[in-house]
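Report on the following structure.
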Amino acid sequence: MPKVTYFSGETFPLEMHKVRIIQKLTLLPVEARLAAIEKAGYNTFLLENKDVFLDMLTDSGVNAMSDRQQAAMLIADDAYAGSATYTRLFDKLVEIFGMNYFLPTHQGRAAENILAKSLITPGQVTPMNYHFTTTKAHIVDNGGEVVELTTPEGLSVTGNHPFRGNLDVAALKKLIAGKGKDAVAFVRMEAGTNLIGGQPFSVENLRQVRDVCRQHGILLIMDASLLADNLYFIKIREAGFADASIAEITRAMADCCDIVYFSARKLGFGRGGGICIRDEEMYRRLRGLVPMYEGFLTYGGMSVREMEAIVVGLDETMDEDMINQGPQFIEHIVKTLDGSGVPVVTPAGGLGAHVDAGRFVDHIDQRQYPSASLTAAIYIASGVRGMERGTLSEQRNEDGTEPLADMELVRLAVPRRVFTLSQANYAIDRIRWLHANRRIVGGLKWVEEPKILRFFYGRLEPVGDWHHQLVAAFRREFGESL
Ligand code: F0G
């Protein structure tokens, strides 16, 4: 049962699992939260986890395991070569994706490294529905170019298009006609498209992309890191799939592709990654890099315990009740915030809720990093750690000018099966309060700006005194409450 209707007539998500292992959390008083974010240079990447109440930075490697996963870890078979654990993982992947070859990697970006090194000739293009940061870095590093063929709905922050992650098929045909098929290294479809708000693509769209790829003999690769959310959305949103099982939808998607790779830090509730391959010749082409960068072909840098957990986690991913909690919580957060006038990205996607800082704090100049300011303010107001997804995450141009981001967002990731609805409601409440007091929030300026990946390590400070005013307003509103 995905959702239940209450006596009041309202519908709420209902967790279809119970908590059997817990981790104690602390919620610091607002003054201590201010001190913690100051110490972290107003950068949530630099906060210590002990100072965080709800960690919504990412869903990567922080999803909750089930009792069955933990039990499976105890029977992991530790062998450098040929472990029974590897065979179990291999068999499970063949069962769900229907591809006969598999290469293990230590995480998702390691799979991207192997694919980009093996498949890209400098000067080639890689069309895709949208890029992910690590994917683009590997493609560019190997002399390739990313071409985004997002549909117009894909890039709008509001609306109700059910499949904003679709690829623009007409644009793909045009690109191939213009450049010729040899200029295309491969086409990449990212399930649950991360950077545009965890938005899915449809099976119909994937099939159209497959037809174009087959017609021209171009490889089609799916990034399945966020597949679980995409599967759920196909089941509830796409015509013709309401009665299909999650396993059947998975197979319908995989059947379109030549290669499926994933980060098991997201898919399968574990930590690791890998590449599933249909064709033996392709497998032989890719496999040489695994022992070189990852580890032997039967572990690829993963611990056997994690591999056992992934086997069970993949099985659980085929169970709608096990994968619906994330998207349903996100929908609850997005709908409640939207209903109270807080600007958010709609429709709700997977991965997390995305607050639209561009509208939330529209009085802050983009050069003073509205998303970063709002991310810091949310932490001060609630102890919730989100992630800046705006201009601060960009890199300066060669001439030192700022490339201003298309979207100024704060990502509040929802790790799978981790939070309860009252925790989600607490986060919603404090964000609503912050929205009512949004004019207090001001911008940030650099104290220490690294040249590359500045969002990871950079340190900032408030412009003016807004941080103290925010704490004072919080105390006036909530008294002694945390
Ligand atoms: N592909 C997608 C769609 C991802 O979201 C990620 C990671 C990767 C590949 C890389 O996998 O981290 O195992 O190397 N996304 C994380 C995030 C980092 O926070 O969204 P990885």
Side-chain angles (χ1 to χ4, degrees), residues 60-61 86 89-90 92-120 126-139 141-142 144 146 165 167 185-195 201 206 209-210 213 218-231 250-251 253-290 292-295 297 299-302 306-307 310-311 313-314 317:
S60 173
Y86 172 79
L89 178 58
F90 174 82
K92 182 55 65 186
L93 287 163
V94 173
E95 177 194 318
I96 70 171
F97 291 126
M99 297 185 174
N100 285 329
Y101 301 92
F102 172 62
L103 293 170
T105 62
H106 77 276
Q107 63 185 87
R109 68 198 70 183
E112 291 172 338
N113 175 42
I114 289 168
L115 291 169
K117 276 206 165 62
S118 310
L119 302 178
I120 294 174
T126 50
M128 56 185 73
N129 56 343
Y130 205 71
H131 78 280
F132 183 68
T133 50
T134 55
T135 325
K136 187 170 178 176
H138 282 296
I139 288 171
D141 202 42
N142 284 283
V146 168
L167 182 141
F186 54 81
V187 173
R188 173 178 174 276
M189 289 292 280
E190 183 182 311
T193 327
N194 190 328
L195 296 186
F201 56 75
L206 184 62
V209 174
R210 170 205 59 192
C213 287
I218 295 171
L219 271 180
L220 177 54
I221 301 183
M222 176 163 72
D223 179 344
S225 305
L226 291 165
L227 181 68
D229 299 333
N230 207 125
L231 288 166
T250 306
R251 191 54 85 80
M253 294 172 84
D255 281 351
C256 295
C257 306
D258 301 296
I259 291 174
V260 171
Y261 77 91
F262 57 92
S263 165
R265 297 178 64 82
K266 293 176 182 268
L267 181 69
F269 311 98
R271 295 159 196 90
I275 310 171
C276 301
I277 307 152
R278 188 172 300 288
D279 179 58
E280 182 175 357
E281 203 185 309
M282 177 60 70
Y283 166 74
R284 290 181 182 279
R285 190 167 157 194
L286 298 176
R287 86 175 157 183
L289 295 179
V290 174
M292 200 168 146
Y293 287 101
E294 302 301 307
L297 292 180
Y299 73 94
M302 281 185 276
E306 292 290 340
M307 286 162 69
I310 295 164
V311 175
L314 287 170
T317 302

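Quick caveat, the model's predicted, so the values are computed rather than measured.
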Spacing of CG belonging to Asp229 relative to CG belonging to Asn194, to within rounding of 0.5 Å: 10.0 Å
Residues that Arg188 engages under salt bridge (charged side-chain N to carboxylate O under 4.0 Å, His left out), provided they are two or more places apart: Glu190, Asp223
side-chain contact (heavy atoms from CB on, under 4.5 Å) assessment of Leu89 paired with Leu314: CA-CA 9 Å; Leu89 178 58; Leu314 287 170; 4.1 Å; yes
Under 3.5 Å donor-acceptor, Glu294 side chain and Thr105 backbone: no
Minimum heavy-atom distance between Leu289 and Ser118, given as atom pair plus value: CD1-OG, 3.4 Å
Phe201 backbone acceptor or donor facing Asn230 side chain under 3.5 Å: yes
Atom of Leu286, atom of Ile114 and distance for their closest heavy-atom approach: O-CG2, 3.8 Å
Contact check, side chains of Asp258 and Met282, non-hydrogen atoms, under 4.5 Å: no
Nearest atoms (heavy-atom pairs only) where Ala228 meets Thr317: CB-CG2, 3.9 Å
Full working for side-chain contact (heavy atoms from CB on, under 4.5 Å) between Leu220 and Leu206: CA-CA 10 Å; Leu220 177 54; Leu206 184 62; 4.2 Å; yes
From CA spacing to verdict: side-chain contact (heavy atoms from CB on, under 4.5 Å), Val260, Met253: CA-CA 10 Å; Val260 171; Met253 294 172 84; over 6 Å; no
Approximate separation, where rounding is to 0.5 Å, of Phe186 CZ and Met128 CE: 6.0 Å
Partner residues of Asp141 under the side-chain contact (heavy atoms from CB on, under 4.5 Å) criterion, sequence neighbours left out: none
Min side-chain heavy-atom separation Met99-Leu93 under 4.5 Å: no
Nearest atoms (heavy-atom pairs only) where Cys276 meets Phe97: SG-CD1, 3.8 Å
Non-neighbouring partners of Tyr283 that pass side-chain contact (heavy atoms from CB on, under 4.5 Å), sequence neighbours left out: Tyr101, Leu103, Ile277, Arg287, Leu297
Verdict with reasoning, Leu119 to Ile221, per side-chain contact (heavy atoms from CB on, under 4.5 Å): CA-CA 11 Å; Leu119 302 178; Ile221 301 183; 3.8 Å; yes
Set of salt bridge (charged side-chain N to carboxylate O under 4.0 Å, His left out) partners for Arg251, sequence neighbours left out: none
Spatial distance of atom CD1 (Ile139) from atom CD1 (Ile120) [nearest 0.5 Å]: 5.0 Å
Charged N-O contact under 4.0 Å between Glu281 and Arg285: no
Minimal non-hydrogen separation, Ala224 against Ala191, with atom names: CA-CB, 4.5 Å
Closest non-hydrogen atom pair, Val94 against Asn100: CG1-OD1, 3.8 Å
His106 side, atom NE2; Asn113 side, atom CG - distance, nearest 0.5 Å: 9.0 Å
Test item: Ser225 side-chain N/O and Phe262 main-chain N/O as donor-acceptor pair under 3.5 Å: no
Thr250 vs Leu227 side-chain heavy atoms within contact, under 4.5 Å: yes
Counterpart residues, salt bridge (charged side-chain N to carboxylate O under 4.0 Å, His left out), relative to Lys136 (two or more places apart): none
Residue list, salt bridge (charged side-chain N to carboxylate O under 4.0 Å, His left out) with Glu306, at least two apart or on another chain: Arg271
Donor-acceptor pair between Thr135 and Glu112 side chains, under 3.5 angstrom: yes
Whether Asn129 side chain and Gly165 backbone form a donor-acceptor pair below 3.5 Å: yes
